[in-house]
A.B. asks: 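Quick one: this structure, given as structure tokens, is what I'll be asking you about.
By convention here, the first residue in the shown sequence is residue 1. Start at 1 and go down the list; that is how both ligands and their atoms are numbered.
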Amino acid sequence: MKMGKKILVTGSMGQIGTELVRYLRKIYGSESVIASGRRIKEDSSIAEEGPFELLDVTDPGQIAAVINNKRVDTIYHLASILSAKGEKDPQMLWEINMNGLLNVFEAARPQGCSIFFPSSVAVFGPGSPKDKTPQDTITRPITVYGIAKVTGEMLCDYYHLKYGLDIRSMRYPGIISNAALPGGGTTDYAVEIFYDALREGKHNCPLQENTQLDFIYMPDALEGAVKLMEADPSKLKHRNAFNVTAFSITPKQLYLEVQKHIPEFTITYEVDPVKQAIADSWPNSLDDSAARTEWDWNPQYGFEMMTTDMLNVLTAKLS
Ligand code: SER
């Protein structure tokens with residue numbers, strides 16, 4: 001176990017936070033990782049498993065108090081609203097995703113904390129190259145979520161250059177996972193399809209069958225975050241933010257892969273125009289060679305292996 005760090009995780013009740021807190025506690029020790037969130041979700045045991053603080057990232061004083069009182073030196077800042085939900089209330093998204101990030105930076109500045117910021121494929125837009133989207137290219141998103149992520153990336157660079165904060169980030173694609181559900185994202189279908197397959201034997205997909213998007217499996221998302229934060233800074237030419245991906249698939253491909261395990265599984269398509277427009281504006285596939293070269297991004301789970309593991313874990317969980 002690596003000792004000596006004091007880590008704060010914001011948004012720890014969310015899809016990534018739930019698993020990242022447990023992962024970090026295994027590496028750095030339970031007492032070294034403070035989980036936090038705006039509220040405690042009824043179905044979450046994160047607050048009972050180790051240190052927990054109620055923390056609203058839109059309140060600068062609350063963040064400063066936790067950082068100072070707990071002598072935090074590293075922050076994984078995950079609190080945010082996802083893409084489709086953001087389109088329902090863009091002003092609220094800006095308040096949480098953008099002002100929340102600024103509040104975290106300002107509270108972290110006096111302590112010189114290191115910060116991990118999850119950016120997203122949502123930084124890209126209709127003008128970005130669609131296939132093998134390069135690390136450095138046009139980033140003109142059409143969602144408020146994407147605008148906040150691309151602005152966030154620039155703010156990360158700014159606080160690094162101006163104030164010397166060690167801020168690193170990667171552009172997560174859709175993350176497939178089996179602990180906490182995502183909520184309000186465009187890529188949520190790729191998680192929901194597994195629950196539906198096992199519980200109902202059918203899935204009603206909000207995206208067209210041939211909508212191609214990038215994905216990674218949660219174990220790789222977690223390992224990648226820590227690997228990036230532990231990477232030798234002299235090797236990082238980019239910081240905010242690295243493209244990462246593991247596989248690029250459509251709903252139909254995912255359906256057929258799941259159906260190999262559950263032959264009676266069926267799918268229907270009922271397109272959600274908001275989600276479809278968002279998905280259509282995102283890349284089909286990313287070029288993640290900068291992450292592979294600069295800090296050894298090397299996802300372990302391919303499409304088939306992820307599918308098998310998801311079904312095994314969820315079969316046990318839902319039985
Ligand atoms: N998975 C996220 C979403 O769909 C993208 O970062 O909103």
Side-chain angles (χ1 to χ4, degrees), residues 10-11 13-20 76-90 92-94 96-98 100-101 116-126 128 133 139 141-153 156 169-195 205-208 211-218 220-222 224-225 228 240-251 254 271-286 288 291 299 306 310:
T10 70
M13 299 275 148
Q15 184 197 12
I16 304 175
T18 297
E19 297 198 54
L20 184 67
Y76 286 78
H77 174 47
L78 306 178
S80 87
I81 303 285
L82 288 181
S83 58
K85 190 171 172 192
E87 292 308 297
K88 295 205 176 101
D89 191 344
M92 182 186 70
L93 182 136
W94 196 260
I96 293 172
N97 293 24
M98 208 59 244
L101 181 64
F116 174 81
F117 171 64
S119 188
S120 164
V121 291
V123 298
F124 298 112
S128 314
T133 308
T139 45
I142 56 162
T143 60
V144 67
Y145 176 77
I147 296 168
K149 287 295 186 192
V150 83
T151 313
E153 287 187 5
C156 289
S169 75
M170 55 174 134
R171 293 172 180 149
Y172 280 133
I175 300 177
I176 299 175
S177 68
N178 48 50
L181 286 169
T186 303
T187 56
D188 293 6
Y189 90 86
V191 176
E192 286 157 4
I193 196 170
F194 286 96
Y195 285 84
C205 185
L207 296 181
Q208 284 163 5
T211 308
Q212 198 185 341
L213 292 166
D214 279 297
F215 289 91
I216 55 180
Y217 194 32
M218 186 61 91
D220 287 319
L222 304 178
L228 174 58
N240 305 299
F242 287 94
N243 287 1
V244 292
T245 182
F247 43 90
S248 165
I249 52 167
T250 65
L254 182 51
V271 171
D272 173 332
V274 174
K275 288 187 176 177
Q276 189 63 48
I278 296 174
D280 287 344
S281 76
W282 289 354
N284 294 334
S285 65
L286 295 179
D288 63 0
M306 173 282 298
M310 274 294 282

A.B. asks: Can a donor-acceptor pair be found, under 3.5 Å and without considering hydrogens, that links the side chain of Asp188 to the backbone of Gly184?
C.D. replies: yes

A.B. asks: Could you pull out every protein residue that has a heavy atom closer than 4.0 Å to ligand 1, ordered by chain and then number?
C.D. replies: Leu82, Ser83, Ser120, Tyr145, Gly185, Thr186, Thr187, Trp282

A.B. asks: Partners of Tyr76 by ring-ring contact (aromatic ring centres under 6.0 Å, His included), sequence neighbours excluded?
C.D. replies: Phe116

A.B. asks: Can Val244 and Leu286 be said to form a side-chain contact (heavy atoms from CB on, under 4.5 Å), step by step?
C.D. replies: CA-CA 7 Å; Val244 292; Leu286 295 179; over 6 Å; no

A.B. asks: Can you list every pair that meets side chain to side chain donor-acceptor pair (under 3.5 Å) and has a residue in residues 142-151, with sequence neighbours left out?
C.D. replies: none

A.B. asks: Please list all pairs passing the salt bridge (Lys or Arg N to Asp or Glu O under 4.0 Å) test where one or both residues lie in residues 169-180, with sequence neighbours left out.
C.D. replies: Glu153-Arg171

A.B. asks: Going by atom types alone, do Ser169 and Ser119 pair a side-chain donor with an acceptor below 3.5 Å?
C.D. replies: no

